[in-house]
Amino acid sequence: MSSALKAAFIFIAPGADPAAHRNWVKTGAVDLLAVAVKDYDQAESLARELVEKEGIAAIELCGGFGNAGTARVAAAVNVPVGVVRFDIHPGLGNASGDTLFG
């Protein structure tokens with residue numbers, strides 16, 4: 001039997017601290033680390049760190065990441081990056097992350 005996929009879900013929240021705002025959900029097939037970041041710069045750095053130090057093999061981004069934010073994270077790592085899509089995000093004042101952080 002193969003080991004569980006180590007994946008991360010990164011979401012944007014104002015004032016987030018990825019060192020404090022994180023939690024693992026572990027199942028037999030997937031170990032998922034959910035982590036909050038405050039902006040795209042922090043997301044890029046976190047993604048690199050998770051791949052290099054935690055062995056994360058796939059990353060899913062929340063709907064707060066627009067096209068530019070998704071591209072930045074995808075370019076920062078060499079693992080598959082997926083995204084949940086919202087054109088506007090209710091948790092970001094009904095704006096796209098591209099408008100706020102891009």
Nearest non-hydrogen partners of G66 and S96, listed with the distance: CA-OG, 3.9 Å

F11 and V35: CA distance, side-chain angles, deciding distance, side chain to side chain contact (heavy atoms under 4.5 Å, CB included) verdict: CA-CA 6 Å; F11 65 100; V35 187; 5.9 Å; no

Heavy-atom side-chain proximity of L5 to D31 below 4.5 angstrom: no

Heavy-atom donor-acceptor pair, T99 side chain to A95 backbone, under 3.5 Å: no

Closest non-hydrogen atom pair between G28 and A4, with its separation: O-CB, 3.8 Å

Intermediate values then yes/no, side chain to side chain contact (heavy atoms under 4.5 Å, CB included), L61 and V73: CA-CA 9 Å; L61 301 175; V73 173; 4.0 Å; yes

Lys/Arg-Asp/Glu bridge criterion (N-O < 4.0 Å) met for R72, D41: yes

Joint cluster assignment, W24 & L46, ILVMFWY side-chain distance < 4.5 Å: yes

N78 vs V51 side-chain heavy atoms within contact, under 4.5 Å: no

For the student: nearest non-hydrogen atoms of A8 and L32, plus distance: C-CD1, 3.8 Å

Any donor-acceptor pair under 3.5 Å from K6 side chain to E54 backbone: yes

Set of residues satisfying side chain to side chain contact (heavy atoms under 4.5 Å, CB included) with respect to A68, sequence neighbours excluded: D98

Test item: F65 and I10 side chains (from C-beta on) under 4.5 Å apart, heavy atoms: yes

N/O donor-acceptor pair under 3.5 Å between Q42 side chain and K38 backbone: yes

Distance-minimising heavy-atom pair for A7 and V30: CB-CG1, 4.4 Å

Worked check of side chain to side chain contact (heavy atoms under 4.5 Å, CB included) between I59 and L50: CA-CA 9 Å; I59 296 173; L50 293 177; 5.6 Å; no

Closest contact, heavy atoms only, V79 versus A57: CB-O, 3.4 Å

Test log, rule side chain to side chain contact (heavy atoms under 4.5 Å, CB included), inputs L33 and F9: CA-CA 6 Å; L33 177 61; F9 178 74; over 6 Å; no

